[in-house]
Q: 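Okay, here's the structure, questions in a sec.
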Amino acid sequence: MTPGTVYLVGAGPGDPGLLTVRAAELIASADVILHDRLIPAEALAGARPDAEVRYVGKQGGGRQVPQEETHRLLIERARAGRTVVRLKGGDPFVFGRGGEEALACLDAGIPFEVVPGVTAGVAAPAYAGIPVTHRELASGVAFITGHEDPAKPDASLDWPALAAFPGTLVFYMGVRTLPRIAAQLVAGGRAADEPVAVVERGTLPGQRTLLATLGDVAQRAAAERIEAPAITVVGPVAGLREQLAWLERRPLHGRTIAVTRARPQASALAARLRELGAAVVEAPAIQTRSLDQELPDLAAYDLVCVTSPNGAHALFERLDDARALAGATVAAIGPGTARALAEHGIRADVVPERAVAEGLVDALAGIAVRRALLVRAREGRDMLPDALRGRGAEVDVLALYETVAEPLDEDTARAAATADYVTFTSASTVRYFLDAAGELDGPRIASIGPATSAALREAGVEPNLEAEPHTPDGLVEALIEDARLR
Ligand code: SAH
């Protein structure tokens with residue numbers, strides 16, 4: 001980034017995945033970020049902790065920060081030699097006042113750059129299964145403002161010309177003016193049975209689409225309480241939704257799923273669930289804390305067992321040469337742990353079919369063990385060391401981290417407790433989540449495996465589904481299967 005420059009950046013329509021690579025790069029390095037309301041909530045997560053992040057949109061849905069004030073801030077911060085990102089929903093040059101801000105920079109002699117974004121008028125229809133052009137149905141598309149703001153009269157729109165436009169009409173800011181839009185287009189000669197789609201909260205969790213006709217759209221949108229932000233698409237392409245709606249067909253569409261595992265592990269599971277259509281509540285009930293514990297001489301062991309991905313990473317934090325493990329058989333409790341070891345260049349010799357301590361004991365049955373090292377959390381089960389000792393091995397348990405409660409704020413705890421599903425991936429997530437969330441209000445309970453299910457039952461909660469295999473992937477499969485049946 002160049003100091004003293006203003007970057008007019010589009011943040012896309014809401015799905016954080018639709019933020020461009022360039023936008024993410026600029027957000028991550030900006031000194032100052034001035035943003036609107038309609039940007040993905042996650043977009044600012046990548047900002048520098050010391051960046052000045054300031055909201056310049058409508059305050060609490062009320063008064064707008066005056067445009068001159070925004071211009072003044074942009075110019076003042078840039079003059080002070082700072083890198084300034086002006087972050088807007090969708091594309092900055094599509095109904096975003098980006099043009100005005102670029103002109104203000106030009107007037108002030110401030111250099112600026114523009115980073116286009118995915119605009120809602122294309123993205124919301126796309127997520128609703130509507131292509132805005134189609135070789136046979138629409139050879140053009142017009143982007144039009146519906147003038148949501150009653151202070152701005154829509155007399156500037158040439159309705160007869162819009163009605164005559166040979167292509168798709170896409171209205172931004174047109175929820176309140178929907179009755180007028182539909183009536184004017186019919187008055188201008190469009191057929192009352194022409195398809196119209198209204199896409200509310202496009203690309204966001206909870207996206208809703210109403211497919212209607214010019215004749216009945218106003219009344220049906222009112223009946224279904226469609227609210228801003230929404231995009232209205234008028235034209236035969238809207239009807240393609242009947243065949244092309246893909247979002248709603250994803251297996252976990254419309255399901256809210258709480259993920260209770262520790263933040264670093266939660267993200268992969270949450271991302272997978274979102275991909276499948278779920279709205280995810282990240283409610284990490286636990287966090288892991290490294291213990292001040294050195295490694296013994298690994299050459300003394302002929303077996304090293306690692307019982308969690310965390311354990312694998314904790315081991316390598318303390319090990320600067322993987323060859324220290326050269327002499328030992330390395331066992332991982334499951335595929336996740338094996339993957340974590342592989343990230344550090346170690347391929348596990350033993351990975352049981354069933355990812356539980358019992359499975360590992362079975363898998364080690366044919367292997368002679370004199371002295372074993374068990375790498376794990378402080379609060380692990382004794383099943384594995386006891387079984388190995390029972391076979392005459394000397395066993396050292398090395399606790400490299402501990403699991404402690406992660407405080408849950410009330411809103412998150414509530415959102416998790418009222419989700420369609422709550423997922424538990426370890427006994428400690430059960431214990432700490434139930435402590436934090438209190439009463440569960442009807443969610444189905446998904447457990448990753450028998451040890452977690454046992455912890456649930458001990459707490460008086462009967463799991464509705466248990467993963468097989470006992471892995472995050474198994475858990476996702478079990479959720480899909482359960483959701484399919486209900
Ligand atoms: N610059 C933005 C548009 C800003 S105007 C862009 O390029 O997308 C604000 C209007 O955009 C809203 O009133 C609504 O009509 C539309 N809009 C923005 N985000 C939307 C979303 N996620 N779903 C549907 N419409 C959206």
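Just so you know, ligand 1 is whichever comes first in the structure, and atom 1 is the first atom listed for that ligand.
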Q: Only heavy atoms of Y172, strictly under 4.0 Å: list the atoms of ligand 1 that pass.
A: 3 (C), 6 (C), 8 (O), 11 (O), 15 (O), 16 (C)
Q: Does any N or O of ligand 1 fall below 3.5 Å from an N or O anywhere on F171, backbone included?
A: no
Q: Any donor-acceptor pair under 3.5 Å linking the side-chain atoms of Y401 with those of S308?
A: yes
Q: Does V118 reach ligand 1 with a nitrogen or oxygen that is under 3.5 Å from one of the ligand's nitrogen or oxygen atoms?
A: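 In this structure, V118 places no N or O atom under 3.5 Å from an N or O of ligand 1.
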Q: Just heavy atoms, cut-off under 4.0 Å: does P92 contact ligand 1 by side chain, backbone, both, or neither?
A: neither
Q: Would you indicate which of T119, L38, V175 comes nearest to atom 7 (O) of ligand 1 when only heavy atoms are counted?
A: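 The residue whose heavy atom sits nearest atom 7 (O) of ligand 1 is T119.
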Q: Using a 4.0 Å cutoff against the non-hydrogen atoms of V199, which atoms of ligand 1 qualify?
A: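 Selected atoms, number and element: 24 (C).
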Q: Would one find an N or O of G96, backbone or side chain, under 3.5 Å from an N or O of ligand 1?
A: no
Q: For E466 and S453, which I'm curious about, is there any donor-acceptor pair between the side chains at under 3.5 Å?
A: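 A donor-acceptor contact under 3.5 Å links the two side chains.
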Q: Taking the ring of F112 and the ring of Y7, is the distance between their centroids below 6.0 Å?
A: no
Q: Do T213 and D193 have side-chain N/O donor and acceptor atoms under 3.5 Å apart?
A: no
Q: Should P229 be listed as contacting ligand 1, given a heavy-atom distance under 4.0 Å as the test?
A: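 P229: in contact with ligand 1 (<4.0 Å).
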Q: Between ligand 1 and R201, can you find any atom pair, the residue atom being a heavy atom, that is separated by under 4.0 Å?
A: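 In this structure, R201 qualifies as a contact of ligand 1 - some heavy atom is under 4.0 Å.
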Q: Answer with yes or no whether the side chains of E101 and Q67 bring together a donor and an acceptor at under 3.5 Å.
A: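 Present: a donor and an acceptor within the cut-off.
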Q: Kindly give the heavy-atom pair with the smallest separation between A419 and A258, and that separation in Å.
A: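 In terms of heavy atoms, the two residues are closest at CB-N, 4.1 Å.
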Q: Taking all non-hydrogen atoms of both residues, which atom of A30 and which atom of V85 are closest, and how far apart?
A: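 Where A30 meets V85 most closely, the heavy atoms are CB-CG2, 3.6 Å.
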Q: Would you say CD of E462 has more than 12 non-hydrogen atoms from neighbouring residues, nucleotides or ligands within 6.0 angstrom?
A: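 Count over threshold, so yes.
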Q: Closer than 4.0 Å to some heavy atom of V94 - which atoms of ligand 1 meet that?
A: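 Selected atoms, number and element: 1 (N), 2 (C), 3 (C), 6 (C), 7 (O).
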Q: Heavy-atom contact check, 4.0 Å cutoff: does G89 meet ligand 1?
A: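 Flag set, G89 near ligand 1.
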